[in-house]
Asks: 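Here you go, one structure.
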There are 2 protein chains.
Amino acid sequence: MTKETTRERIITVADNLFYEQGFDHTSFADIAGEISISRGNFYHHFKTKDQILEAVIELRLKNTLAMIKEWEAASPCAKERIKSYITILDRNKDKIAKHGCPVGTLTSELAKLSHDAQGLANKIFSLFDEWLQIQFRDIGLHDEAALLSQHVLARSQGIATLYNTFQSDTFLKKEISLLLEWLEETCSTTTANH
Amino acid sequence: MTKETTRERIITVADNLFYEQGFDHTSFADIAGEISISRGNFYHHFKTKDQILEAVIELRLKNTLAMIKEWEAASPCAKERIKSYITILDRNKDKIAKHGCPVGTLTSELAKLSHDAQGLANKIFSLFDEWLQIQFRDIGLHDEAALLSQHVLARSQGIATLYNTFQSDTFLKKEISLLLEWLEETCSTTTANH
DNA sequence: GTCTATACCTGGATAGAC
DNA sequence: GTCTATCCAGGTATAGAC
């Protein structure tokens with residue numbers, strides 16, 4: 001484990017602050033304050049704030065990919081892998097209660113800002129989407145894979161948004177189990193089709 | 001139809017801009033520009049920007065209530081009324097594609113800003129929530145009303161977020177019909193319980 | 001690579017004339 | 001009730017010393 005470079009530290013802290021406070025509302029001073037660096041020093045590593053955003057999204061893409069690979073390593077069963085995705089809602093519940101879903105809230109914010117990096121941020125969504133599609137196809141649901149994947153994404157997003165608003169644990173628990181039930185049903189329908 | 005006062009014009013324009021660009025990212029200059037008023041003149045009507053936000057949320061609460069009353073007037077059947085809620089996703093699809101759900105994106109933004117008006121904004125959600133609960137109880141689903149209502153809210157939110165990101169019409173159409181199917185099933189389950 | 005100093009702009013907010 | 005002029009804080013970005 002080599003020492004983190006200043007550039008990496010900036011990205012890590014920016015990643016958290018963008019999630020906690022939003023991109024637009026996070027200033028250089030905020031980031032500089034957290035890592036005890038002068039504001040001027042920023043521009044040695046990044047020319048603009050947008051470049052920091054890009055680097056943060058790249059990091060998120062990398063981390064997302066790593067998480068997906070972990071799920072794949074943890075289980076060879078596609079259904080189990082999809083479960084891993086669904087249950088992040090429970091594993092990350094504290095952060096979601098405070099700041100919502102990191103993917104959904106960023107894309108929503110950038111959409112409103114008409115920001116150039118919007119397309120890049122959407123790629124995080126696409127990464128989950130394409131991976132979920134592969135899992136559904138693996139289960140045998142070839143034609144419906146795209147719509148099933150987006151169904152899971154949409155359900156998770158909605159659960160995250162409502163949990164962020166009301167922070168009801170009964171709601172969260174119930175919705176996760178409903179989504180897992182849906183998964184079981186969807187899979188069993190297919191095995192019947194075999 | 002009396003002439004709109006300047007105060008009302010400010011609120012109306014702010015309502016749109018907060019939706020389109022976000023609250024934090026909308027400046028007095030933006031609002032002033034749209035209605036051809038000087039920035040200084042603002043402070044005759046509102047002491048702070050936060051007060052404009054409050055007025056905007058109050059307006060949204062009023063408009064939401066009016067919409068709900070329309071749905072009630074349009075049909076005495078609770079199931080049909082819930083359908084009216086679900087199908088706003090289709091009726092407002094163009095705006096959702098561009099700016100997301102006005103309720104969900106505002107609450108998410110204010111949550112990140114730790115803004116005082118967060119509680120007030122959540123009331124718009126609560127308004128829908130309580131109304132949907134009444135409809136489900138009317139159908140006979142007394143005990144489950146709260147969770148069913150939040151289920152509908154979460155599903156709609158998720159659909160809005162994903163449509164905002166990917167703008168897939170096949171997705172939107174499919175998800176709306178799935179949610180309507182779910183509604184039919186949920187209602188028919190109950191009549192069986194009677 | 002890191003710092004200080006500083007330029008420049010935007011945004012919210014105020015004072016006071018009309 | 002509306003305007004202009006202005007203040008001040010905070011934001012991004014640059015220059016240049018160390």
Side-chain angles (χ1 to χ4, degrees), chain A residues 2-59 106 109-110 112-118 120-121, chain B residues 2-59 106 109-110 112-118 120-121:
Chain A
T2 56
K3 204 182 153 195
E4 223 182 5
T5 64
T6 304
R7 188 192 152 89
E8 284 164 346
R9 285 169 68 211
I10 292 174
I11 298 170
T12 311
V13 170
D15 185 16
N16 288 328
L17 288 176
F18 289 174
Y19 177 39
E20 293 166 9
Q21 313 181 334
F23 163 71
D24 199 49
H25 196 249
T26 300
S27 68
F28 283 101
D30 291 336
I31 304 171
E34 289 236 348
I35 51 177
S36 306
I37 246 179
S38 75
R39 263 173 300 158
N41 192 8
F42 263 102
Y43 295 85
H44 184 260
H45 302 282
F46 299 95
K47 277 201 263 296
T48 65
K49 191 183 174 185
D50 288 355
Q51 285 190 2
I52 300 181
L53 177 62
E54 274 179 39
V56 165
I57 299 174
E58 302 280 6
L59 176 68
L106 180 66
E109 184 185 356
L110 297 185
K112 286 205 198 278
L113 301 181
S114 306
H115 197 284
D116 289 339
Q118 202 184 332
L120 192 61
Chain B
T2 56
K3 203 181 155 194
E4 223 182 5
T5 64
T6 304
R7 189 193 150 87
E8 283 164 348
R9 285 170 69 212
I10 292 174
I11 298 171
T12 310
V13 170
D15 185 17
N16 288 328
L17 288 177
F18 289 173
Y19 177 39
E20 294 166 9
Q21 312 182 335
F23 163 71
D24 199 49
H25 196 250
T26 300
S27 67
F28 282 108
D30 291 335
I31 304 170
E34 289 235 347
I35 50 176
S36 305
I37 246 179
S38 75
R39 261 174 303 158
N41 191 8
F42 264 103
Y43 295 85
H44 184 261
H45 302 281
F46 299 95
K47 276 201 262 297
T48 65
K49 191 184 176 186
D50 288 354
Q51 285 191 1
I52 301 181
L53 176 62
E54 274 178 40
V56 165
I57 299 175
E58 302 280 6
L59 176 68
L106 180 66
E109 184 185 358
L110 297 185
K112 285 203 197 285
L113 301 181
S114 306
H115 197 285
D116 289 338
Q118 202 183 332
L120 192 61

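Order of the sequence lines sets the chain letters (A, B, ...), proteins ahead of strands, with each chain counted from 1.
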Asks: Could I get the full list of ring-ring contact (aromatic ring centres under 6.0 Å, His included) partners for A:H25, not counting sequence neighbours?
Replies: none
Asks: Between C1' on C:dT10 and CD1 on B:I31, what's the gap in Å once rounded to a whole number?
Replies: 15 Å
Asks: May I have the distance from B:H44 (atom NE2) to D:dT4 (atom P), rounded to whole angstrom?
Replies: 16 Å
Asks: Check whether any side-chain N or O of B:T6 sits under 4.0 Å from OP1 or OP2 of D:dT2, and answer yes or no.
Replies: yes
Asks: Treating primed atoms plus P, OP1 and OP2 as sugar-phosphate and everything else as base, which nucleotides of nucleotides 12-18 of chain D get B, S or - for protein heavy atoms under 4.0 Å?
Replies: BBB----
Asks: Taking the six-membered ring where the residue is Trp, are the ring centres of A:F28 and A:Y43 under 6.0 Å apart?
Replies: yes
Asks: Quick check on side chain to side chain contact (heavy atoms under 4.5 Å, CB included): which of A:D30, A:L53, A:L106, A:D24 does A:F18 satisfy it with?
Replies: A:L53
Asks: Grab the two heavy atoms, one from A:V56 and one from A:I11, that are nearest each other, plus how far apart they are.
Replies: CG2-O, 3.8 Å
Asks: May I have the distance from B:F46 (atom CZ) to C:dA13 (atom P), rounded to whole angstrom?
Replies: 13 Å
Asks: B:I37 CD1 to D:dT4 P: how many Å, rounded?
Replies: 12 Å
Asks: Taking the six-membered ring of A:F23, is NZ or CZ of A:K49 closer than 6.0 Å to its centre and within 45° of its axis?
Replies: yes
Asks: To the nearest Å, how far apart are A:H25 NE2 and D:dG10 P?
Replies: 12 Å
Asks: With sequence neighbours left out, write down each residue that passes side chain to side chain donor-acceptor pair (under 3.5 Å) with B:H115, or none if nothing qualifies.
Replies: B:D50
Asks: Taking atom C1' of C:dA13 as reference, at what distance in whole Å does atom NE2 of B:H45 sit?
Replies: 15 Å
Asks: Find the distance B:F23:CZ to C:dG11:P and express it as a whole number of Å.
Replies: 14 Å
